[in-house]
Student: 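Could you have a look at this structure, given as structure tokens, before my questions?
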Amino acid sequence: MCRVLLVDDEFMARAGLRATFDWAGNGYQLVGEAANGLRAMKWLENGEVDILITDIAMPVMDGLELTRRARELCPWVKVLLLSCHSDFDYVREGIRLGASDYILKPTLNADSLKTILDQMRVKLREEQANRELLEKYRDKQLAEQQEVLEKRLIQAVRGNEEACASLIANLKDIPQRYGMAVLQVRGSKPHSLEAEVRLSRGIESAKTLLYERLKAPVAAAIHPDLLIAVVPERVWSAGRAEEVVGQAIRDGELADRGYAAGISRLHRDLRELQAAFAEAQQALEDTFFYGPGSIVMAEERPEPACQPLPDHGDMLHLLKEALAAENHAEALLQLKRITGHWSRRYKTKQQVIDEAEQVLSLLTLSKHHNTVMVHHIRKLSKLDYAAEIAEHVEACFSSLPVPDDSGIPDTSLHGRIVMQAVQFMMEHFTEAISLQQVADEVNVSRNYFSEMFKKVTGKNFIDYLIALRVNRAKELLAESTLRVYEVAEQSGFNDVKHFSKQFKKIVGLSPGEYHGQPHKPGGEANSGKQDTLSEQKPFS
């Protein structure tokens, strides 16, 4: 319905206009009336008027000034001037200011008013249709220009210098410095057309939000599940790059999907786009160590460990020997040592995957393995995060049956109990745990557990616990600059003298001497001693 505002300083004139014409019946809505132009401004400022009917001669603000302001605020408004014979010069000025028509008050009646209003309404509709058509054309042009920019961005990050030059020419308003964000949708790949459409819609939704929230000059889907965006410096200056990227994703259609994002450092020149993209990709790869929904900034990459790691080859060899000897406890210990170093500080994503494949391949040494292990190795490529891979590898190991021991009836049960106890000890050996506490954990009596533990592992409980603590102390001495008493505390010894005595008894050197010795790749001092746990009696 067409909205009409009446403005006249004479109350009776306004009342006559209201009564003369069937406004609603003819498709018009009277939104209000005012005694002068100033009072009429509130409807115009709120954009609530389509047709303005105003007298010319009024106090405070006359009809000519009201016409001028109405056309400035709402260019679409049609103005009908009410005039007397003596006002013709004013009418002419009103037409010049943008009034659409005029009508003489003495000749005003319902028919003449309807004719003029209907003509104005037709004109309003024609102009509205033209505006919509023009807006569609402009939107289409902008979309085509943005699509070209997005293609140039994809080509530029792949090293196309011509595309990079084109971007520089078209993004003249880009801030002095910028960064690159890379977003990837994680999880199972779509296996149906409907799933592919949902993924595509989710990526487009995230792209739109990156444009809106980051005010990104350009963003593009470089793969069906990979989105890249140029991020302006002002987002960094507010310290909100990570927050804004994350919120843009969570507010879109990807909120219920697994995702991760990497963000580069700031760069000064668009010619560095390829380098910025490489940084963002590396940061994205590092989300492998943090899990779903993680966002990593390139500048947050931790420094590598100062001390050399225990040699992976040595740990793998010890795992191989334990598996061949069917010593589950020792094999689990070595497996935990390997997976314990699967972090961003020590490894790359590819190193973790390679080591996981090596470990799963070794599990085939067990005489109880089956061809399913090949399937488990293939599954590694479908896992997105380090924690998932570690969990998968340890689950594969746990699925191996505990070997039989003809010396003890129902050894499979005993083996599982001892394995559970060893698992608990490895998780708590730095605490003040006792034989009774571990026996309670596996729900057997203290004496029975002590005998069973010695039979299965070849060591009594306290020697096994001390060996775990000494092994931890050796790693700390080789990999850190902690003082001896700090190493003792972090290894589970509450008395530094007792620690030093047990350490020298097992290793052959005092902690201080061991710390000062050159170490083999596996972190072992050249003492001639072997790791006590690797000499345990294997499961029979």
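Hydrogens, waters and symmetry mates play no part in the numbers below; they use all other heavy atoms, side chains included. Sequence positions, counted from 1, serve as the residue numbers for this chain. Predicted, not measured: the structure shown is a model, and the values here were computed from it.
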Student: Might you point out which heavy atoms bring Met419 and Ala329 nearest each other, and give the distance in Å?
Tutor: SD-N, 4.0 Å

Student: Hey, are the side chains of Gln334 and Lys320 touching, using non-hydrogen atoms and a 4.5 Å cut-off?
Tutor: no

Student: So, are Glu355 and Lys347 salt-bridged, with charged N and O less than 4.0 Å apart?
Tutor: yes

Student: So, Asp440 versus Gln436: side-chain donor-acceptor pair below 3.5 Å or not?
Tutor: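 Yes, a side-chain donor-acceptor pair sits under 3.5 Å.
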
Student: So, Gln490 versus Glu486: side-chain donor-acceptor pair below 3.5 Å or not?
Tutor: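 Their side chains do not contain a donor-acceptor pair, so the 3.5 Å distance test is not met.
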
Student: Between Gln350 and Asp354, do the side chains contain an N or O donor and an N or O acceptor separated by less than 3.5 Å?
Tutor: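 Their side chains do contain a donor-acceptor pair, which is all the 3.5 Å distance test asks for.
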
Student: Please name the pair of heavy atoms, one in Ala280 and one in Val182, separated by the smallest distance, quoted to 0.1 Å.
Tutor: CB-CG2, 3.4 Å

Student: For the residue pair Ser200 and Pro224, establish whether any side-chain heavy-atom pair is separated by less than 4.5 Å.
Tutor: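 No, too far: nothing below the 4.5 Å cut-off.
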
Student: Classify the angle between the aromatic ring planes of Phe461 and Phe453 as parallel (below 30°), tilted (30 to 60°) or perpendicular (above 60°).
Tutor: perpendicular

Student: Relative to each other, are the rings of Phe499 and Phe493 parallel, tilted or perpendicular (30° and 60° limits)?
Tutor: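 Phe499 and Phe493: tilted rings.
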
Student: For the atom pair CG (Leu380) and CD1 (Ile389), what is the distance rounded to the nearest 0.5 Å?
Tutor: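 The distance works out to 5.5 Å.
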
Student: Looking only at atom types and distance, does a side-chain atom of Gln282 sit under 3.5 Å from a main-chain N or O of Ala278, one as donor and one as acceptor?
Tutor: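 No.
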
Student: Once rounded to the nearest 0.5 Å, what's the spacing between atom NZ of Lys454 and atom NZ of Lys459?
Tutor: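 Rounded to the nearest 0.5 Å, the NZ-NZ separation comes to 9.0 Å.
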
Student: Under 4.5 Å between any side-chain heavy atoms of Met180 and Val231, yes or no?
Tutor: no

Student: Any idea which heavy atoms bring Val393 and Ala356 closest together, and the distance?
Tutor: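 So the minimum-distance heavy-atom pair works out to CG2-CB, 4.0 Å.
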
Student: Could you check whether any side-chain N or O of Asn170 sits under 3.5 Å from a backbone N or O of Ser166, counting only pairs where one atom can act as donor and the other as acceptor?
Tutor: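 Yes; judged by distance alone, with no hydrogens or angles, the pair exists.
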
Student: What's the spacing between Glu150 CD and Gln145 CD if we round to 0.5 Å?
Tutor: 12.0 Å

Student: Do Tyr211 and Gln146 get their side chains close enough for a donor-acceptor pair, meaning under 3.5 Å?
Tutor: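 There is such a pair (donor and acceptor under 3.5 Å, judged by atom type) between the side chains of Tyr211 and Gln146.
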
Student: With side chain to side chain contact (heavy atoms under 4.5 Å, CB included) as the criterion, how do Phe449 and Met452 come out once you've worked through the C-alpha distance, each side chain's angles and the decisive distance to 0.1 Å?
Tutor: CA-CA 5 Å; Phe449 172 71; Met452 179 170 52; 4.3 Å; yes

Student: Do Tyr178 and Arg268 get their side chains close enough for a donor-acceptor pair, meaning under 3.5 Å?
Tutor: no

Student: Does Asp269 reach the main-chain N or O of Glu272 with its side chain, forming a donor-acceptor pair under 3.5 Å?
Tutor: no

Student: If we only count heavy atoms from C-beta on, is the His267 to Arg177 side-chain gap below 4.5 Å?
Tutor: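 They are not in side-chain contact.
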
Student: Taking all non-hydrogen atoms of both residues, which atom of Ala298 and which atom of Ala283 are closest, and how far apart?
Tutor: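 Nearest heavy atoms, Ala298 then Ala283: N-CB, 4.0 Å.
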
Student: Tell me whether Glu394 contacts the main-chain N or O of Glu391 through its side chain, where contact means a donor paired with an acceptor under 3.5 Å.
Tutor: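 No.
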
Student: Do other residues, nucleotides or ligands put more than 12 heavy atoms under 6.0 Å from His428 NE2?
Tutor: yes

Student: Does the pair Lys497/Asp495 count as a salt bridge with the N-to-O cut at 4.0 Å?
Tutor: no

Student: I need the Thr208 OG1 to Ile203 CD1 distance, nearest 0.5 Å.
Tutor: 11.0 Å

Student: Taking all non-hydrogen atoms of both residues into account, name the closest pair between Leu335 and Leu319 and its distance.
Tutor: N-CD1, 4.5 Å

Student: For Glu161 and Arg271, what are the C-alpha separation, side-chain angles and deciding distance, and is it a salt bridge (charged side-chain N to carboxylate O under 4.0 Å, His left out)?
Tutor: CA-CA 8 Å; Glu161 294 183 2; Arg271 283 182 286 270; over 6 Å; no

Student: Distance-only, no hydrogens or angles: does the Ser491 side chain make a donor-acceptor pair with backbone N or O of Val487 under 3.5 Å?
Tutor: yes

Student: What I'd like to find out is whether the side chain of Leu284 reaches to under 4.5 Å of the side chain of Val296, using heavy atoms alone.
Tutor: no

Student: Are more than 12 heavy atoms, taken from residues, nucleotides or ligands other than Glu427, located less than 6.0 Å from that residue's CD atom?
Tutor: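 Atom CD in Glu427 is packed in, count exceeds 12.
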
Student: CD of Glu144: more than 12 outside heavy atoms within 6.0 angstrom?
Tutor: yes

Student: Side-chain contact, heavy-atom cut-off 4.5 Å: Leu477 with Phe503?
Tutor: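 A side-chain contact under 4.5 Å exists here.
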
Student: Between Phe288 and Thr348, is any pair of side-chain heavy atoms under 4.5 Å apart?
Tutor: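 Result no, sub-4.5 Å side-chain heavy-atom pair not found.
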
Student: Would you please test Arg469 and Leu465 for side chain to side chain contact (heavy atoms under 4.5 Å, CB included) and show each step?
Tutor: CA-CA 6 Å; Arg469 291 171 173 170; Leu465 180 60; 3.7 Å; yes

Student: Could Arg337 and Glu475 be called an ion pair, given the rule that one side-chain N must be under 4.0 Å from one carboxylate O?
Tutor: yes

Student: Under the criterion salt bridge (charged side-chain N to carboxylate O under 4.0 Å, His left out), I'd like the reasoning laid out for Glu204 against Lys207: C-alpha separation, chi angles, the key distance, then a yes or no.
Tutor: CA-CA 5 Å; Glu204 285 300 312; Lys207 184 173 74 173; 3.2 Å; yes

Student: Tell me, with the steps shown, if Leu153 and Leu149 meet side chain to side chain contact (heavy atoms under 4.5 Å, CB included).
Tutor: CA-CA 6 Å; Leu153 175 63; Leu149 283 180; over 6 Å; no

Student: Is the Tyr385-Phe289 ring centre distance short of 6.0 angstrom?
Tutor: no

Student: If you measure from CZ on Phe397 to NZ on Lys336, what distance do you get to the nearest 0.5 Å?
Tutor: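 These two atoms lie 10.0 Å from each other.
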
Student: To the nearest 0.5 Å, tell me how far Lys136 NZ sits from Gln141 CD.
Tutor: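 If we round to the nearest 0.5 Å, Lys136:NZ and Gln141:CD are 15.5 Å apart.
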
Student: Over all heavy atoms of both residues, which pair between Pro511 and Val484 is shortest? Give the atoms and the distance, please.
Tutor: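 Scanning both residues, the minimum pair turns out to be CB-CG1, 4.0 Å.
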
Student: Do Val230 and Leu273 have side chains that get closer than 4.5 Å, going by heavy atoms?
Tutor: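 Touching, per the 4.5 Å side-chain cut-off.
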
Student: Could you go through Asn460 and Ser450, starting from their C-alpha distance and side-chain angles, then the distance that decides it, and tell me whether this counts as side chain to side chain contact (heavy atoms under 4.5 Å, CB included)?
Tutor: CA-CA 7 Å; Asn460 60 41; Ser450 179; 5.7 Å; no

Student: Could you tell me whether the side chain of Ser294 and the main chain of Tyr290 form a donor-acceptor pair under 3.5 Å?
Tutor: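 Not at all, since once roles are kept as given, no pair shorter than 3.5 Å links the two residues.
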
